[in-house]
2 protein chains.
Amino acid sequence: MVNQVSLSGKGVPGGEARAGGGQERRGSGPPRPRAGYELPLLLFAGFRTLIDELHTELARQGHPDVRPAHGFALQAIGPEGSAASDIARRLGISKQAAGKTVDRLVALGYAERAEDPADARRKLVRLTARGFDMLARSAAIFERLRAEWAAELGEERVSAMEDDLGAVVSPGAFRLDAAGWIGGAM
Amino acid sequence: MVNQVSLSGKGVPGGEARAGGGQERRGSGPPRPRAGYELPLLLFAGFRTLIDELHTELARQGHPDVRPAHGFALQAIGPEGSAASDIARRLGISKQAAGKTVDRLVALGYAERAEDPADARRKLVRLTARGFDMLARSAAIFERLRAEWAAELGEERVSAMEDDLGAVVSPGAFRLDAAGWIGGAM
DNA sequence: CATCATCGTCAACCATGTTGACCATTCTAG
DNA sequence: CTAGAATGGTCAACATGGTTGACGATGATG
(Lines give C-alpha, C1' and ligand atoms only; values in the text may rest on other atoms or scores of the structure.)
Protein backbone atom coordinates (compact mmCIF):
# COMPACT_ATOMS: atom_id res chain seq x y z
CA MET A 1 0.00 0.00 0.00
CA VAL A 2 2.58 2.45 0.98
CA ASN A 3 5.72 3.17 -0.83
CA GLN A 4 8.03 2.04 1.86
CA VAL A 5 11.58 3.23 1.88
CA SER A 6 13.94 0.32 1.80
CA LEU A 7 15.27 0.72 5.22
CA SER A 8 16.27 -2.02 7.57
CA GLY A 9 18.77 -3.03 4.96
CA LYS A 10 21.36 -0.43 4.25
CA GLY A 11 19.53 0.11 1.03
CA VAL A 12 20.80 2.77 -1.29
CA PRO A 13 18.04 2.21 -3.81
CA GLY A 14 20.31 1.76 -6.75
CA GLY A 15 23.67 2.51 -5.39
CA GLU A 16 25.25 -0.73 -4.34
CA ALA A 17 25.22 -2.16 -7.83
CA ARG A 18 27.93 0.19 -9.02
CA ALA A 19 30.39 1.26 -6.46
CA GLY A 20 33.42 1.29 -8.69
CA GLY A 21 33.47 2.91 -12.09
CA GLY A 22 30.80 5.10 -13.51
CA GLN A 23 30.38 4.18 -17.08
CA GLU A 24 28.07 1.29 -17.77
CA ARG A 25 25.11 2.54 -15.85
CA ARG A 26 21.82 2.89 -17.72
CA GLY A 27 21.64 0.08 -20.17
CA SER A 28 20.64 -2.96 -18.17
CA GLY A 29 16.97 -2.85 -17.36
CA PRO A 30 13.92 -1.11 -18.72
CA PRO A 31 14.00 2.68 -18.32
CA ARG A 32 11.24 2.73 -15.73
CA PRO A 33 11.68 5.81 -13.54
CA ARG A 34 12.56 5.32 -9.93
CA ALA A 35 9.96 5.76 -7.25
CA GLY A 36 9.40 9.39 -6.39
CA TYR A 37 10.46 9.09 -2.79
CA GLU A 38 14.00 8.13 -3.75
CA LEU A 39 14.89 11.50 -5.19
CA PRO A 40 14.76 13.48 -1.95
CA LEU A 41 16.59 10.69 -0.16
CA LEU A 42 19.31 10.69 -2.78
CA LEU A 43 19.63 14.45 -2.67
CA PHE A 44 19.91 14.41 1.08
CA ALA A 45 22.36 11.54 0.99
CA GLY A 46 24.49 13.46 -1.48
CA PHE A 47 24.43 16.54 0.67
CA ARG A 48 25.21 14.53 3.72
CA THR A 49 28.03 12.67 2.05
CA LEU A 50 29.74 15.93 1.15
CA ILE A 51 29.19 17.50 4.55
CA ASP A 52 30.32 14.42 6.42
CA GLU A 53 33.50 14.24 4.39
CA LEU A 54 34.05 17.93 4.87
CA HIS A 55 33.85 17.61 8.62
CA THR A 56 35.93 14.49 8.77
CA GLU A 57 38.62 16.33 6.89
CA LEU A 58 38.21 19.53 8.91
CA ALA A 59 38.62 17.51 12.08
CA ARG A 60 41.82 16.09 10.66
CA GLN A 61 43.06 19.58 9.85
CA GLY A 62 42.63 20.97 13.32
CA HIS A 63 38.96 21.87 13.46
CA PRO A 64 37.39 18.97 15.34
CA ASP A 65 34.65 20.94 17.05
CA VAL A 66 32.94 22.50 14.09
CA ARG A 67 29.41 21.32 13.38
CA PRO A 68 27.65 21.75 10.08
CA ALA A 69 25.53 24.46 11.64
CA HIS A 70 28.66 26.42 12.51
CA GLY A 71 29.85 26.43 8.95
CA PHE A 72 26.58 27.92 7.85
CA ALA A 73 26.81 30.54 10.54
CA LEU A 74 30.39 31.46 9.66
CA GLN A 75 29.31 31.91 6.08
CA ALA A 76 26.53 34.15 7.29
CA ILE A 77 28.98 36.33 9.19
CA GLY A 78 31.17 36.80 6.17
CA PRO A 79 34.69 38.19 5.84
CA GLU A 80 33.56 41.73 6.59
CA GLY A 81 31.75 40.87 9.78
CA SER A 82 28.10 41.44 10.52
CA ALA A 83 25.76 42.58 13.21
CA ALA A 84 23.90 39.80 14.98
CA SER A 85 20.58 40.89 13.53
CA ASP A 86 22.01 40.74 10.00
CA ILE A 87 23.13 37.21 10.70
CA ALA A 88 19.68 36.40 11.96
CA ARG A 89 18.07 37.72 8.80
CA ARG A 90 20.47 35.83 6.59
CA LEU A 91 19.96 32.58 8.43
CA GLY A 92 16.24 33.09 8.58
CA ILE A 93 16.17 32.69 12.35
CA SER A 94 15.33 34.99 15.23
CA LYS A 95 17.95 37.41 16.44
CA GLN A 96 17.93 35.65 19.79
CA ALA A 97 18.84 32.38 18.14
CA ALA A 98 21.52 34.14 16.14
CA GLY A 99 22.89 35.58 19.35
CA LYS A 100 23.15 32.13 20.86
CA THR A 101 24.89 30.78 17.79
CA VAL A 102 27.37 33.64 17.91
CA ASP A 103 27.98 32.89 21.57
CA ARG A 104 28.85 29.39 20.55
CA LEU A 105 31.17 30.48 17.76
CA VAL A 106 32.88 32.89 20.12
CA ALA A 107 33.32 30.13 22.68
CA LEU A 108 34.87 27.94 20.01
CA GLY A 109 37.22 30.70 18.95
CA TYR A 110 35.83 31.23 15.47
CA ALA A 111 34.30 34.65 15.96
CA GLU A 112 34.64 37.66 18.19
CA ARG A 113 32.43 40.57 19.13
CA ALA A 114 33.50 44.18 18.78
CA GLU A 115 31.82 47.46 19.46
CA ASP A 116 30.58 49.33 16.44
CA PRO A 117 31.91 52.89 16.74
CA ALA A 118 29.22 54.20 14.43
CA ASP A 119 26.29 52.76 16.35
CA ALA A 120 26.47 51.98 20.03
CA ARG A 121 23.58 49.52 19.79
CA ARG A 122 25.28 47.23 17.34
CA LYS A 123 27.98 44.79 18.13
CA LEU A 124 29.94 43.73 15.15
CA VAL A 125 30.62 40.02 14.91
CA ARG A 126 33.85 39.27 13.10
CA LEU A 127 35.67 36.12 12.16
CA THR A 128 38.87 35.41 14.01
CA ALA A 129 41.97 34.16 12.23
CA ARG A 130 40.81 30.70 13.17
CA GLY A 131 37.45 31.39 11.60
CA PHE A 132 39.07 32.49 8.38
CA ASP A 133 41.26 29.43 8.43
CA MET A 134 38.28 27.18 8.79
CA LEU A 135 36.44 28.85 5.96
CA ALA A 136 39.46 28.68 3.66
CA ARG A 137 39.98 25.02 4.43
CA SER A 138 36.30 24.34 3.84
CA ALA A 139 36.45 25.95 0.43
CA ALA A 140 39.50 23.92 -0.52
CA ILE A 141 37.94 20.69 0.70
CA PHE A 142 34.71 21.33 -1.18
CA GLU A 143 36.76 21.96 -4.29
CA ARG A 144 38.51 18.65 -3.86
CA LEU A 145 35.29 16.77 -3.22
CA ARG A 146 33.68 18.19 -6.32
CA ALA A 147 36.73 17.19 -8.32
CA GLU A 148 36.37 13.66 -6.98
CA TRP A 149 32.77 13.52 -8.09
CA ALA A 150 33.78 14.85 -11.48
CA ALA A 151 36.44 12.17 -11.76
CA GLU A 152 33.87 9.52 -10.92
CA LEU A 153 30.93 10.77 -12.94
CA GLY A 154 32.47 13.04 -15.50
CA GLU A 155 32.66 16.80 -15.31
CA GLU A 156 29.68 17.26 -17.60
CA ARG A 157 27.49 15.07 -15.43
CA VAL A 158 28.34 17.06 -12.33
CA SER A 159 27.75 20.30 -14.19
CA ALA A 160 24.45 18.96 -15.43
CA MET A 161 23.43 18.08 -11.91
CA GLU A 162 24.27 21.57 -10.73
CA ASP A 163 22.49 23.23 -13.63
CA ASP A 164 19.42 21.07 -13.26
CA LEU A 165 19.20 21.63 -9.53
CA GLY A 166 19.65 25.34 -10.03
CA ALA A 167 16.76 25.27 -12.45
CA VAL A 168 14.22 23.49 -10.25
CA VAL A 169 15.18 24.65 -6.81
CA SER A 170 12.84 27.18 -5.30
CA PRO A 171 14.60 30.41 -4.40
CA GLY A 172 13.50 30.19 -0.79
CA ALA A 173 15.22 26.86 -0.39
CA PHE A 174 18.59 28.48 -0.84
CA ARG A 175 18.79 29.62 2.72
CA LEU A 176 21.40 28.95 5.32
CA ASP A 177 19.02 27.97 8.06
CA ALA A 178 19.62 24.30 7.59
CA ALA A 179 19.89 23.56 11.26
CA GLY A 180 16.62 23.25 13.04
CA TRP A 181 14.77 23.23 9.79
CA ILE A 182 14.04 19.56 9.72
CA GLY A 183 12.52 18.99 13.06
CA GLY A 184 11.80 22.52 14.03
CA ALA A 185 8.68 24.59 14.31
CA MET A 186 9.07 25.71 10.72
CA MET B 1 40.72 34.62 0.49
CA VAL B 2 37.72 32.68 1.45
CA ASN B 3 35.28 31.26 -0.95
CA GLN B 4 32.33 33.09 0.41
CA VAL B 5 28.87 31.83 -0.33
CA SER B 6 26.86 34.51 -2.02
CA LEU B 7 24.49 35.11 0.77
CA SER B 8 22.97 38.41 1.73
CA GLY B 9 21.50 38.43 -1.68
CA LYS B 10 19.09 35.66 -2.34
CA GLY B 11 21.81 34.17 -4.44
CA VAL B 12 21.07 30.86 -6.06
CA PRO B 13 24.48 30.72 -7.68
CA GLY B 14 23.27 30.06 -11.16
CA GLY B 15 19.62 29.61 -10.72
CA GLU B 16 18.01 32.95 -11.29
CA ALA B 17 19.09 33.15 -14.88
CA ARG B 18 16.71 30.43 -16.00
CA ALA B 19 13.55 30.10 -14.08
CA GLY B 20 11.30 29.24 -16.98
CA GLY B 21 12.10 26.60 -19.52
CA GLY B 22 14.99 24.26 -19.40
CA GLN B 23 16.45 24.08 -22.80
CA GLU B 24 19.05 26.69 -23.62
CA ARG B 25 21.22 26.12 -20.59
CA ARG B 26 24.85 25.31 -21.16
CA GLY B 27 25.97 27.13 -24.23
CA SER B 28 26.51 30.72 -23.19
CA GLY B 29 29.75 31.05 -21.26
CA PRO B 30 32.96 29.09 -20.93
CA PRO B 31 32.51 25.66 -19.34
CA ARG B 32 34.35 26.61 -16.18
CA PRO B 33 33.13 24.38 -13.33
CA ARG B 34 31.22 25.97 -10.54
CA ALA B 35 32.86 26.60 -7.22
CA GLY B 36 32.93 23.50 -5.06
CA TYR B 37 30.82 24.92 -2.29
CA GLU B 38 27.82 25.31 -4.55
CA LEU B 39 27.23 21.61 -4.98
CA PRO B 40 26.25 20.82 -1.39
CA LEU B 41 24.14 23.94 -1.26
CA LEU B 42 22.33 22.94 -4.43
CA LEU B 43 21.79 19.41 -3.18
CA PHE B 44 20.40 20.66 0.07
CA ALA B 45 18.25 23.22 -1.68
CA GLY B 46 16.88 20.50 -3.93
CA PHE B 47 16.10 18.30 -0.98
CA ARG B 48 14.53 21.15 0.86
CA THR B 49 12.47 22.20 -2.11
CA LEU B 50 10.95 18.75 -2.37
CA ILE B 51 10.35 18.41 1.35
CA ASP B 52 8.85 21.86 1.68
CA GLU B 53 6.46 21.20 -1.17
CA LEU B 54 5.59 17.85 0.31
CA HIS B 55 4.65 19.38 3.61
CA THR B 56 2.79 22.27 2.07
CA GLU B 57 0.71 19.76 0.19
CA LEU B 58 0.33 17.44 3.18
CA ALA B 59 -0.94 20.35 5.23
CA ARG B 60 -3.48 21.06 2.53
CA GLN B 61 -4.57 17.43 2.57
CA GLY B 62 -5.32 17.27 6.25
CA HIS B 63 -1.89 16.67 7.80
CA PRO B 64 -0.82 20.10 8.99
CA ASP B 65 1.16 18.96 12.01
CA VAL B 66 3.62 16.60 10.40
CA ARG B 67 7.23 17.67 10.42
CA PRO B 68 9.89 16.29 8.13
CA ALA B 69 11.31 14.34 11.05
CA HIS B 70 7.97 12.60 11.55
CA GLY B 71 7.90 11.35 8.00
CA PHE B 72 11.28 9.77 8.50
CA ALA B 73 10.12 8.18 11.70
CA LEU B 74 6.93 6.83 10.14
CA GLN B 75 9.02 5.28 7.42
CA ALA B 76 11.17 3.72 10.08
CA ILE B 77 8.16 2.14 11.75
CA GLY B 78 6.98 0.60 8.54
CA PRO B 79 3.68 -1.03 7.62
CA GLU B 80 4.35 -4.03 9.83
CA GLY B 81 5.12 -2.08 12.94
CA SER B 82 8.36 -2.17 14.89
CA ALA B 83 9.71 -2.20 18.38
CA ALA B 84 11.07 1.08 19.61
CA SER B 85 14.61 -0.22 19.69
CA ASP B 86 14.33 -1.32 16.06
CA ILE B 87 13.22 2.16 15.17
CA ALA B 88 16.17 3.53 17.07
CA ARG B 89 18.60 1.35 15.17
CA ARG B 90 17.08 2.26 11.85
CA LEU B 91 17.15 5.94 12.58
CA GLY B 92 20.61 5.72 14.02
CA ILE B 93 19.57 7.34 17.28
CA SER B 94 19.36 6.18 20.87
CA LYS B 95 16.41 4.13 21.97
CA GLN B 96 15.47 6.89 24.38
CA ALA B 97 15.27 9.39 21.54
CA ALA B 98 13.25 6.93 19.52
CA GLY B 99 10.90 6.52 22.44
CA LYS B 100 10.35 10.26 22.58
CA THR B 101 9.71 10.43 18.87
CA VAL B 102 7.19 7.64 19.15
CA ASP B 103 5.51 9.50 22.01
CA ARG B 104 5.16 12.41 19.66
CA LEU B 105 3.76 10.36 16.83
CA VAL B 106 1.29 8.77 19.21
CA ALA B 107 0.24 12.18 20.46
CA LEU B 108 -0.30 13.30 16.88
CA GLY B 109 -2.36 10.23 16.12
CA TYR B 110 0.00 8.65 13.62
CA ALA B 111 1.12 5.67 15.65
CA GLU B 112 -0.02 3.54 18.54
CA ARG B 113 1.66 1.22 20.98
CA ALA B 114 0.58 -2.36 21.57
CA GLU B 115 1.82 -5.14 23.74
CA ASP B 116 3.83 -7.80 22.03
CA PRO B 117 2.32 -11.15 23.05
CA ALA B 118 5.50 -13.00 22.21
CA ASP B 119 7.80 -10.86 24.32
CA ALA B 120 6.58 -8.99 27.35
CA ARG B 121 9.48 -6.57 27.18
CA ARG B 122 8.71 -5.27 23.73
CA LYS B 123 6.01 -2.84 22.87
CA LEU B 124 5.08 -2.92 19.25
CA VAL B 125 4.68 0.46 17.60
CA ARG B 126 2.20 0.39 14.75
CA LEU B 127 0.92 2.96 12.33
CA THR B 128 -2.65 4.05 12.75
CA ALA B 129 -5.00 4.49 9.82
CA ARG B 130 -4.01 8.12 9.87
CA GLY B 131 -0.38 7.14 9.73
CA PHE B 132 -1.00 4.98 6.70
CA ASP B 133 -2.95 7.76 5.08
CA MET B 134 -0.09 10.16 5.58
CA LEU B 135 2.42 7.74 4.14
CA ALA B 136 0.27 7.00 1.12
CA ARG B 137 -0.27 10.68 0.44
CA SER B 138 3.44 11.33 0.81
CA ALA B 139 4.25 8.69 -1.74
CA ALA B 140 1.73 10.14 -4.20
CA ILE B 141 3.03 13.66 -3.68
CA PHE B 142 6.63 12.61 -4.18
CA GLU B 143 5.59 10.90 -7.36
CA ARG B 144 3.96 14.06 -8.60
CA LEU B 145 6.95 16.21 -7.66
CA ARG B 146 9.33 13.94 -9.48
CA ALA B 147 7.10 14.08 -12.53
CA GLU B 148 7.22 17.87 -12.38
CA TRP B 149 10.98 17.81 -12.31
CA ALA B 150 10.98 15.39 -15.22
CA ALA B 151 8.68 17.69 -17.17
CA GLU B 152 10.99 20.60 -16.49
CA LEU B 153 14.34 18.92 -17.00
CA GLY B 154 13.52 15.86 -19.03
CA GLU B 155 13.12 12.38 -17.68
CA GLU B 156 16.63 11.35 -18.66
CA ARG B 157 18.16 14.23 -16.77
CA VAL B 158 16.31 13.32 -13.60
CA SER B 159 17.27 9.69 -14.01
CA ALA B 160 20.85 10.72 -14.57
CA MET B 161 20.79 12.76 -11.40
CA GLU B 162 19.46 9.80 -9.45
CA ASP B 163 21.94 7.38 -10.95
CA ASP B 164 24.85 9.71 -10.40
CA LEU B 165 23.90 10.41 -6.81
CA GLY B 166 23.43 6.73 -6.19
CA ALA B 167 26.93 6.15 -7.48
CA VAL B 168 28.77 8.69 -5.34
CA VAL B 169 26.74 8.67 -2.16
CA SER B 170 28.38 6.90 0.72
CA PRO B 171 26.26 4.06 2.06
CA GLY B 172 26.22 5.51 5.54
CA ALA B 173 24.64 8.69 4.26
CA PHE B 174 21.50 6.84 3.32
CA ARG B 175 20.14 6.89 6.80
CA LEU B 176 16.89 8.21 8.11
CA ASP B 177 18.35 10.16 10.97
CA ALA B 178 18.15 13.43 9.14
CA ALA B 179 16.73 15.32 12.07
CA GLY B 180 19.27 16.41 14.58
CA TRP B 181 22.08 15.51 12.27
CA ILE B 182 23.02 18.98 11.25
CA GLY B 183 23.46 20.72 14.51
CA GLY B 184 23.69 17.78 16.79
CA ALA B 185 26.44 16.18 18.72
CA MET B 186 27.18 13.85 15.83
C1' DC C 1 12.02 66.97 22.21
C1' DA C 2 8.85 63.15 21.89
C1' DT C 3 8.07 59.20 19.63
C1' DC C 4 9.12 55.22 17.15
C1' DA C 5 12.26 51.72 15.26
C1' DT C 6 16.22 48.96 15.88
C1' DC C 7 19.91 46.23 18.44
C1' DG C 8 21.07 43.19 21.78
C1' DT C 9 19.84 40.47 25.64
C1' DC C 10 17.24 37.96 29.47
C1' DA C 11 13.88 34.53 30.63
C1' DA C 12 10.88 30.83 29.76
C1' DC C 13 9.68 27.34 26.89
C1' DC C 14 9.71 23.47 23.18
C1' DA C 15 11.71 19.71 20.35
C1' DT C 16 15.33 16.65 19.60
C1' DG C 17 19.15 14.67 20.64
C1' DT C 18 22.63 12.69 24.26
C1' DT C 19 24.40 9.54 28.78
C1' DG C 20 23.72 7.11 32.73
C1' DA C 21 20.91 4.36 35.64
C1' DC C 22 17.39 1.22 36.44
C1' DC C 23 13.83 -2.58 36.30
C1' DA C 24 11.57 -6.31 33.88
C1' DT C 25 12.00 -9.88 30.86
C1' DT C 26 14.25 -13.23 27.91
C1' DC C 27 18.15 -15.88 26.39
C1' DT C 28 22.02 -18.76 27.23
C1' DA C 29 25.63 -21.43 29.62
C1' DG C 30 26.80 -24.40 33.02
C1' DC D 1 17.18 -25.47 36.47
C1' DT D 2 19.25 -21.63 37.62
C1' DA D 3 22.69 -17.74 37.48
C1' DG D 4 24.33 -14.33 34.69
C1' DA D 5 24.25 -11.77 30.46
C1' DA D 6 21.46 -9.38 26.84
C1' DT D 7 17.69 -6.96 25.52
C1' DG D 8 13.63 -3.67 25.77
C1' DG D 9 11.62 0.25 27.72
C1' DT D 10 11.68 4.18 30.73
C1' DC D 11 13.16 7.96 34.03
C1' DA D 12 16.22 11.77 34.95
C1' DA D 13 19.51 15.20 33.80
C1' DC D 14 21.60 17.74 30.44
C1' DA D 15 23.12 20.05 25.65
C1' DT D 16 21.78 22.34 21.51
C1' DG D 17 19.22 25.14 18.67
C1' DG D 18 15.10 26.80 17.81
C1' DT D 19 10.77 29.87 19.49
C1' DT D 20 8.03 34.23 21.85
C1' DG D 21 7.67 37.91 24.88
C1' DA D 22 9.65 41.65 27.36
C1' DC D 23 12.80 45.21 28.03
C1' DG D 24 16.61 48.73 28.30
C1' DA D 25 19.73 51.38 25.45
C1' DT D 26 20.49 53.84 21.40
C1' DG D 27 19.47 56.10 16.98
C1' DA D 28 16.37 58.26 13.62
C1' DT D 29 12.62 61.24 12.64
C1' DG D 30 8.48 63.97 13.13
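The chains referred to below are lettered A, B, ... by the order of the sequence lines, with proteins before strands, and numbering in each begins at 1.
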Could you state the [atom1]-[atom2] distance from [X] to [N], rounded to the nearest angstrom?
X	N	atom1	atom2	value
B/D103	D/dT10	CG	C1'	10 Å
A/K100	C/dC13	NZ	P	13 Å
A/D86	C/dC7	CG	P	7 Å
A/L91	D/dT16	CG	P	18 Å
A/I87	C/dG8	CD1	P	8 Å
B/R122	D/dT10	CZ	C1'	16 Å
A/F72	D/dG17	CZ	C1'	14 Å

Closest listed nucleotide, where the reference is the side chain of [X] and the choices are [options]:
X	options	result
B/R104	C/dC7, C/dA15, C/dT19	C/dA15
A/S85	C/dT18, C/dC7, D/dG9	C/dC7
B/A84	D/dG9, C/dA12, D/dA13	D/dG9

Taking only side-chain nitrogens and oxygens of [X], does any of them come within less than 4.0 Å of OP1 or OP2 of [N]?
X	N	result
B/T101	C/dA15	no
B/S94	C/dT18	yes
B/R89	D/dG8	yes
A/H70	D/dG17	yes
B/R113	D/dT10	yes
B/R67	C/dC14	no

>> Do B/I87 and B/V125 make a side-chain contact, defined as non-hydrogen atoms from C-beta onward lying under 4.5 Å apart?
In response: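 Yes. Closest side-chain heavy atoms under 4.5 Å.
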>> Just so I know, are the side chains of B/H63 and B/D133 near enough to count as touching, which here means a heavy-atom distance under 4.5 Å?
In response: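 Heavy-atom side-chain distance check passes, below 4.5 Å.
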>> I'd like to compare against my own output: the B/S/- annotation of nucleotides 22-30 of chain D with a strict under-4.0 Å heavy-atom distance to protein.
In response: B--BBS---
> Is any NZ, NE, NH1 or NH2 atom of the basic residue among A/E115 and A/R121 found under 4.0 Å from an Asp or Glu carboxylate oxygen of the other?
Replying inline: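 No, this pair does not count.
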I'd like a table of donor-acceptor pairs (distance under 3.5 Å, sequence neighbours excluded) in which one partner is a side-chain atom from residues 96-105 of chain B, with atom names and distances.
residue: B/T101; atom: OG1; partner: B/A97; partner atom: O; Å: 3.1
residue: B/D103; atom: OD1; partner: B/R113; partner atom: NH2; Å: 2.1

> At what distance, to the nearest 0.5 angstrom, does CG of B/L50 lie from OH of A/Y37?
Replying inline: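 The CG atom of B/L50 sits 15.0 Å away from the OH atom of A/Y37.
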> Which residues pass the salt bridge (charged side-chain N to carboxylate O under 4.0 Å, His left out) test with A/R130, sequence neighbours left out?
Replying inline: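 Expected list: none.
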> What are the two closest non-hydrogen atoms of B/L54 and B/F142, and how far apart are they?
Replying inline: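 Taking every non-hydrogen atom into account, CD2-CZ, 3.5 Å.
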> Considering only heavy atoms and no angle criterion, is a donor-acceptor pair shorter than 3.5 Å present between the side chain of B/K123 and the base of D/dG8?
Replying inline: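 Per atom types, no contact qualifies.
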